[in-house]
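See below for the structure under consideration.
Note that the numbering runs from 1 along the sequence shown for the chain. It should be emphasised that the depicted structure is a prediction, and the values quoted were computed from it without experimental measurement.
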Amino acid sequence: MSMPAKPDKYAPVITIDGPSGAGKGTICQNLANKLGFGLLDSGALYRLTALAVVQQGIDIKDQVAVATIARALDIQFEAGEQGVKAILAGHDVSRDIRLEETGMNASVVAAYGAVREALLERQRAFQQLPGLVADGRDMGTTVFPSAPLKVFLTASAEERAKRRYLQLIERGESANLRAQLKDILARDEADSSRASSPLKAAEDAIVIDSTAMPIQAVLDKIMVLAKERINA
């Protein structure tokens, strides 16, 4: 699907923010499927920006050039058997944007105020009927501050590193648990200390610690909240 042009203020929004590895992606996809809502993976937009910067040979430290790339992104999202496919300039880059290097670069470009501003309206345009599940770092604080249901999903750094490690092993990729923990901590620091829209729970967000909770339990809890807040 092409990215929409204008938001629909009557469409309910559920925001799910939290650090890397908290389980947001899986929860948001399942939640959107259950409710029949649209899905915004805001992290994919920053990963796509980071990937485009690398592909075009732009210096990632050049904030003006990176923001220019963000404003002109030629992207589409398509539903596929393995989930939502990310298309950049006509090419399926779903696997490329999930690489560790791309994730770290995404945290770098996400710290640039000009990049966040460039992508803000593109994210808000995803608010369409019958509703939207928005996955990110600042969905409830900056992008959709009036959302009727905001969730901040977290887990211990050790648990998040373990999840990521097992994910990579299941894919047949080489992985090191200690290295994963180091990357998680570095990304947490970058996301929470940036000047523009730092990672934090919105004041009216419901915080869910998924460290010792199975995915289904987290999903069930949010579904109950959705019925209470938006009659979903």
Give me each pair satisfying side chain to side chain donor-acceptor pair (under 3.5 Å) with a member in residues 30-41, each pair once, sequence neighbours excluded.
Asp41-Arg98
For Thr211, the side chain to side chain donor-acceptor pair (under 3.5 Å) test, sequence neighbours excluded, returns Asp209
Is it true that, when you exclude Arg171 itself, more than 12 heavy atoms of the residues, nucleotides or ligands shown sit nearer than 6.0 Å to its CZ?
yes
Within the 4.5 Å heavy-atom criterion, are Val218 and Leu153 side-chain neighbours or not?
yes
Considering all heavy atoms, the nearest Gln123-Phe144 contact:
O-CZ, 3.5 Å
Starting from Ile215, can I reach Leu168 by hopping between I/L/V/M/F/W/Y residues whose side chains sit under 4.5 Å apart?
no
Would you check if the side chain of Lys24 reaches a backbone N or O of Gly18 as a donor-acceptor pair within less than 3.5 Å?
yes
ILVMFWY clustering at 4.5 Å (side-chain atoms), partners of Ile169
Tyr165, Leu166, Leu177
Using side-chain contact (heavy atoms from CB on, under 4.5 Å), reason through Leu31 and Ile222 one step at a time and then give a plain yes or no.
CA-CA 8 Å; Leu31 191 61; Ile222 298 175; 3.7 Å; yes
Going by heavy atoms in the side chains, are Pro130 and Phe37 under 4.5 Å from each other?
yes
Looking at Ser107, is its backbone amide N or carbonyl O close enough to the side chain of Arg194 to form a donor-acceptor pair, meaning the two atoms are under 3.5 Å apart?
no
Distance from Thr142 atom OG1 to Lys200 atom NZ, nearest 0.5 Å?
8.0 Å
Pairs in or reaching into residues 124-133: which pass salt bridge (charged side-chain N to carboxylate O under 4.0 Å, His left out), with residues at least two apart or in two chains?
Glu121-Arg124
Residues at least two apart in sequence or cross-chain that pass side-chain contact (heavy atoms from CB on, under 4.5 Å) with Gln216, listed by chain then number, are Leu219, Asp220
Residues pairing under salt bridge (charged side-chain N to carboxylate O under 4.0 Å, His left out) where one sits in residues 149-162, two or more places apart or in two chains, turn out to be Lys150-Asp204, Glu159-Arg163, Arg160-Asp188
Taking side chain as C-beta onward, heavy atoms only, is Val108 less than 4.5 Å from Met104?
no
Arg187 and Glu100 ion-paired at < 4.0 Å:
yes
Between the side chain of Ser94 and the main-chain N/O of Ala86, is any donor-acceptor distance below 3.5 Å?
yes
Would you list the pairs meeting side chain to side chain donor-acceptor pair (under 3.5 Å) in which at least one residue belongs to residues 48-66, sequence neighbours left out?
none
Heavy-atom pair with the smallest gap, counting every atom of Ser20 and Ile184:
O-CD1, 3.6 Å
Kindly give the heavy-atom pair with the smallest separation between Thr102 and Arg47, and that separation in Å.
CG2-O, 3.5 Å
Taking CD in Glu117 as the centre, count heavy atoms belonging to other residues, nucleotides or ligands within less than 6.0 Å. Is the count above 12?
no
Quick test of your reading: applying side chain to side chain donor-acceptor pair (under 3.5 Å), list the pairs with at least one residue in residues 131-140, sequence neighbours left out, ordered by first then second residue.
Arg116-Asp138, Arg137-Asp191, Asp138-Ser197
Scanning both residues in full, the closest heavy-atom pair of Leu129 with Pro12 reads CD2-CD, 4.5 Å
For Ile87 and Val93, what are the C-alpha separation, side-chain angles and deciding distance, and is it a side-chain contact (heavy atoms from CB on, under 4.5 Å)?
CA-CA 6 Å; Ile87 312 297; Val93 294; over 6 Å; no
Return yes if some donor-acceptor pair links the side-chain N/O of Ser210 with the main-chain N/O of Ala155 below 3.5 Å, else return no.
no
Looking at CG of Leu45 and CD1 of Ile97, how far apart are the two atoms once the value is rounded to the nearest 0.5 Å?
9.0 Å
Arg122 vs Ile75, side-chain contact (heavy atoms from CB on, under 4.5 Å): CA-CA, chis, key distance, verdict:
CA-CA 11 Å; Arg122 301 189 80 168; Ile75 56 177; 4.0 Å; yes
Go through the structure and list residues passing side-chain contact (heavy atoms from CB on, under 4.5 Å) with Ala114, not counting sequence neighbours.
Ala67
Min side-chain heavy-atom separation Gln29-Val133 under 4.5 Å:
no
Please tell me if the side chains of Val143 and Ser42 come closer than 4.5 Å, counting only heavy atoms from C-beta onward.
no
If you link ILVMFWY side chains whenever their heavy atoms are less than 4.5 Å apart, which other residues fall into the same cluster as Leu181? By chain and number, please.
Leu185
Do Thr15 and Leu149 touch side chain to side chain, with heavy atoms closer than 4.5 Å?
no
Which heavy atom in Val53 sits nearest to a heavy atom in Ile60, and how many Å separate them?
CG1-CA, 4.1 Å
Are the side chains of Ile208 and Thr154 in touch, meaning some heavy atoms are under 4.5 Å apart?
no
Could you work out the complete set of other residues in the hydrophobic cluster of Phe152, with links drawn between I, L, V, M, F, W and Y side chains under 4.5 Å apart?
Leu199, Val207
If you look at every heavy atom in Val109 and Val115, which pair is closest and at what distance?
O-CB, 3.5 Å
Nearest-0.5 Å distance that lies between atom CD in Gln128 and atom CG in Leu40
11.5 Å
All pairs passing salt bridge (charged side-chain N to carboxylate O under 4.0 Å, His left out) where residues 86-96 contributes a residue, at least two apart
Arg95-Glu173
Is there a side-chain contact (heavy atoms from CB on, under 4.5 Å) between Ile69 and Ile58 once you walk through the steps?
CA-CA 9 Å; Ile69 293 287; Ile58 303 296; 4.2 Å; yes
I want to check something: taking the side chain as every heavy atom from C-beta on, are Val151 and Asp17 in contact at a cut-off of under 4.5 Å?
no
